[in-house]
A.B. asks: 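Would you mind keeping the following structure in view while I ask a few things?
By convention in this document, chain letters (A, B, ...) are assigned in the order of the sequence lines, proteins followed by strands, and residues within each chain are numbered from 1.
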Amino acid sequence: MDEEDFSSSSNPNPNPNFDPSQFSSPKWALKVLVECAMAIETQDSTRTQHLLWVLNELSSPYGDTDQKLAAAFLQALFCKVTDSGRKTHRNLVAAAEKMYTFESTRRMMLRFQEVSPWTTFGHVAANGALIEAMNGENRIHIVDISGTYCTQWPTLLEALATRSDDTPHVRITHVLSSVGPAGHRVSREIGARMEKFARLMGVPFNFSSLHVAEIEALNHENLKLQEGEVLAINCIFSLHKVGPTSRDTAVSALRRLDPRVLTLVEEEVDLDSDRGQGFAAWLGECVRFFRAYLESLDESFPKASEERLMLERAMARAAVDLVACPADESRERRERSGWWARRMRACGFGPVGFSDDVLDDMRALLRRYREGWSMGLGRADDEAGSGVYLEWKEEPMVWASAWKP
Amino acid sequence: MLVYATELAENSSTMTVSNITSASGEASVSSGARSQQNQNQTMVAATTKKKRNLPGMPDPEAEVIALSPKTLMATNRFVCEICNKGFQRDQNLQLHRRGHNLPWKLRQRTSKEVRKRVYICPEVSCVHHDPSRALGDLTGIKKHFCRKHGEKKFKCDKCSKRYAVQSDWKAHSKTCGTREYRCDCGTLFSRRDSFVSHRAFCDALAEESAKAQAVVAADSAVASGPANSSSDDDPKNKVASTPLSTSPPNVPAPSSQQESEGSAGFMQPSLTTPASCGPTSTNSSSMFASLFASAGGLQNAAFTDLIGAMTRPDPTPPPVSTTTTTPAIALALGPSSPSISALFSQKPSSLEPNPHLHYTSTTPAHMSATALLQKAAQMGATASSNSSFMRGLGLLPQTHQDQHHHQNQNHHHPQENWTHHTGLGLGLLPPEYGVLPREEGVVSMQELMSAPLFGPGGALGSGFKGEEMGCKPTTVDFLGLGSGASGPGGLSALITSIGRGLDMAAALGGVGGGAGASPGRPGWDGS
């Protein structure tokens with residue numbers, strides 16, 4: 001990565017704005033997209049149009065990583081320019097909803113997890129933290145606020161079933177917020193599978209899904225918390241779906257549930273546009289992050305993979321959401337671990353470190369994927385403290401952490 | 001502190017077994033196979049009505065030895081003064097000293113010393129702390145103590161599984177990552193976590209429950225037999241998977257004829273049956289020792305675990321009636337069926353005395369980790385009948401109360417029923433069940449072939465490209481930017497159409513496979 005940057009910046013071209021080689025150099029998409037964002041920022045419509053045209057010529061949702069990246073963000077930028085973000089996003093979501101079935105979801109998630117640790121990294125971390133925090137408890141109630149379709153639980157159930165002391169009773173409440181009818185169908189189907197699998201593993205188990213409009217609507221009553229149940233909250237790739245301004249409220253609400261442990265896994269990138277860094281710089285951060293994501297997909301999946309296309313389309317929707325939709329409606333504004341950690345502490349949570357065993361499990365997990373993935377430990381003086389990072393080519397991409405009141 | 005050389009210890013336990021067996025008036029057993037030994041112990045336990053189906057040495061004659069944890073955990077306490085090499089047993093050190101030309105002395109066994117010794121676990125809360133549940137050999141109790149109460153120091157680099165006993169770890173390491181897990185739907189996995197996740201979501205799991213109930217029941221028939229539910233599964237599954245994963249020669253051909261006769265005749269007088277069981281279980285154990293991480297080649301312990309596992313109150317396999325088993329019987333002609341029959345033909349003999357014992361107990365024993373791991377390994381290790389095995393292992397908490405009576409009734413006609421169970425234990429499935437995986441293959445092919453139609457390289461993709469030509473900024477809409485006027489045209493439309501195409505493909509697949517789990521694996525990526 002650094003070498004590439006070096007070679008391209010050492011390219012002896014006096015005028016980087018009109019460097020034709022930038023279109024053929026690696027990572028051209030980032031450069032052109034940022035150029036375009038700058039033109040939009042400075043309201044230079046001629047240049048904006050020109051760059052959009054260039055992007056249109058070069059991009060393809062079926063091309064290489066840069067072409068895909070360019071296609072997704074071209075669409076997003078175009079929506080921004082034409083102020084059609086909401087509408088486009090709605091259309092894209094509607095198109096996706098048509099494909100959104102248990103079948104397709106299952107295929108996508110399982111395939112994704114097989115080739116990439118993007119989600120499994122957080123699963124292993126969270127499961128490890130949950131099991132350790134719940135050690136010795138007879139009745140575990142997990143409030144699952146996560147965006148990974150319960151694919152985390154089979155391995156947890158297996159781990160519980162094979163551990164030496166008595167298998168606890170496990171209850172999972174799958175929290176759904178703002179999902180359509182397809183989402184409910186999928187959740188029901190997932191629940192049926194989970195229950196069957198738990199029976200197979202000999203784990204006393206209970207699954208229910210709970211629809212709430214907002215996370216802060218969760219309380220002991222609607223969770224039907226029972227006597228003797230120990231509560232755990234599992235948030236994987238989900239809290240960023242709460243609007244940036246509502247996040248403190250949401251976390252406070254979770255704190256009020258008084259869980260034994262809360263596991264929090266988020267993507268490590270700052271996509272909150274309210275940080276005052278300017279549109280182009282912010283877009284650069286978006287593009288860098290999604291480029292790494294696409295690259296990891298590219299190196300993990302075979303070329304023509306339907307599951308991969310689904311993931312890429314989801315990413316394209318995220319780009320439109322981020323770039324062209326109102327910030328307060330956005331469900332994609334990820335934040336870096338530092339922000340989350342600060343918020344968690346402010347709301348009365350303290351960090352729980354991952355044990356060596358769990359860390360070993362995570363390392364072992366990464367060894368099973370292809371080259372390029374590594375694990376980074378948060379520094380002690382780091383705000384994010386005890387969390388761990390999933391890194392793609394040395395870039396932290398996903399942050400996993402555990403918290404207790 | 002008495003220390004036996006391993007061979008001696010084994011001999012003594014073997015002898016113990018035969019003593020007990022003959023004492024309890026059952027067919028005598030002289031096989032040296034450890035699994036055999038343990039099974040017999042189990043049977044004895046059942047017969048003596050002390051504790052059901054749990055390993056232990058109820059022989060009151062035996063000398064009960066309690067060793068401290070320190071002693072049990074100690075390794076290489078006997079150190080050679082010349083080269084500092086340590087040994088676990090004095091006998092071995094003595095043999096080693098011979099190499100240095102040092103004076104050495106092997107303990108001579110006198111006939112009095114032959115007196116049996118049993119070892120209890122020092123952990124007070126452990127069931128094997130009770131002298132009536134002591135284990136018959138020193139190595140066994142050491143490994144038990146390490147596995148159950150020791151720190152798991154050995155860790156697999158590849159999958160991070162931890163082991164307390166080094167030999168378990170070694171056995172696991174040899175095969176970790178090299179084996180494949182196979183789901184009922186036909187999909188293969190090299191990684192366990194993927195397999196587990198897939199398994200949970202796979203249609204094969206959902207589908208089978210109703211229809212395969214009978215088959216499952218059949219599989220578990222052996223297990224749901226009177227007393228020994230889980231312990232039986234172990235040998236059964238091992239043998240059963242043998243023909244599936246390796247070649248039949250594992251099963252001693254010459255004896256099989258004899259054995260099948262044995263099983264048909266229900267109670268073949270002892271000697272032939274155990275003798276033929278010996279090789280069978282040895283073969284399979286050598287194969288599975290490596291597969292089943294925890295087996296570590298020590299059938300003893302594995303059996304212990306399984307036996308422990310079966311005390312679990314809830315899960316007991318579903319019903320077996322003679323009618324449901326019939327189709328499977330027809331298929332139960334695999335090469336190893338005779339030896340299995342042989343294996344199980346012993347069981348009724350020892351179990352019959354108290355068929356109810358197993359069910360009346362309320363001990364809430366949990367399934368041990370080892371047993372579950374084995375079970376889990378079996379769910380991958382065997383071919384298409386995995387889940388049936390799983391259920392066979394007693395994990396299906398359905399309606400088994402009724403079954404017990406049923407079983408017990410059946411029990412009075414052991415010959416007929418055991419023969420059936422035998423066949424079923426092979427995991428060979430009736431035709432309608434066996435079809436599933438194959439159809440799954442068909443689905444994949446369909447998906448594979450239809451993929452280009454809808455995929456990027458297909459007609460849609462190129463048409464799209466053509467439209468895109470000559471775009472000015474205003475034509476960007478063709479990309480599906482969905483700006484102002486054009487609505488969900490362009491890309492969104494394309495996506496939609498692709499989506500529909502896919503749905504069709506999926507539907508096709510669904511029809512073809514009977515929803516037989518299109519778990520994505522062999523799907524689009526293959527093209």
A.B. asks: Checking A:Y149 against chain B: side chain, backbone, both or neither under 4.5 Å from a heavy atom?
C.D. replies: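 For A:Y149, the contact with chain B is made by the backbone alone.
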
A.B. asks: To check you understand the geometry: which heavy-atom pair defines the closest contact between B:S194 and A:E114, and what is its length?
C.D. replies: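 Looking at all heavy atoms of both residues, the shortest contact is OG-CG, 3.7 Å.
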
A.B. asks: Is there a side-chain contact between A:L365 and B:D193 (heavy atoms, below 4.5 Å)?
C.D. replies: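 Result yes, sub-4.5 Å side-chain heavy-atom pair found.
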
A.B. asks: Taking atom CG of A:D83 as the centre, does the number of heavy atoms from other residues, nucleotides or ligands within less than 6.0 Å exceed 12?
C.D. replies: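 Check fails, neighbour count at 12 or below.
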
A.B. asks: Quick check: are there more than 12 heavy atoms from other residues, nucleotides or ligands sitting under 6.0 Å from CZ of A:R86?
C.D. replies: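 No - once you tally the heavy atoms of other residues, nucleotides and ligands closer than 6.0 Å, there are 12 at most.
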
A.B. asks: Could you have a look at A:R368, A:R367, A:Q113 and say which one has the most heavy-atom pairs with chain B under 4.5 angstrom?
C.D. replies: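 Answer, by heavy-atom pair count under 4.5 Å with chain B: A:R368.
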
A.B. asks: How close do A:R193 and B:A200 get, heavy atom to heavy atom, and via which atoms?
C.D. replies: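 Closest approach of A:R193 to B:A200, heavy atoms only: CB-O, 3.3 Å.
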
A.B. asks: Give me the atom names and distance for the closest heavy-atom approach of B:K155 to A:D357.
C.D. replies: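 For B:K155 versus A:D357, the nearest heavy atoms are NZ-O, 4.1 Å.
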
A.B. asks: Enter the distance from B:R199:CZ to A:M201:CE here, rounded to the nearest 0.5 Å.
C.D. replies: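 If we round to the nearest 0.5 Å, B:R199:CZ and A:M201:CE are 10.0 Å apart.
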
A.B. asks: Taking only residues two or more places apart in sequence or in another chain, which ones pass ring-ring contact (aromatic ring centres under 6.0 Å, His included) with A:F121?
C.D. replies: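 By the ring-ring contact (aromatic ring centres under 6.0 Å, His included) rule, A:F121 matches no residue at all.
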
A.B. asks: For A:H169, check ring-ring contact (aromatic ring centres under 6.0 Å, His included) against everything at least two apart and list the hits.
C.D. replies: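 For A:H169 there are no ring-ring contact (aromatic ring centres under 6.0 Å, His included) partners, ignoring immediate neighbours.
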
A.B. asks: State the OG-CE distance between B:S197 and A:M109, to the nearest 0.5 angstrom.
C.D. replies: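 Going from the OG atom of B:S197 to the CE atom of A:M109 covers 9.5 Å.
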
A.B. asks: May I ask you to test the A:E189-B:F201 pair for a side-chain heavy-atom distance under 4.5 Å?
C.D. replies: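 Result no, sub-4.5 Å side-chain heavy-atom pair not found.
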
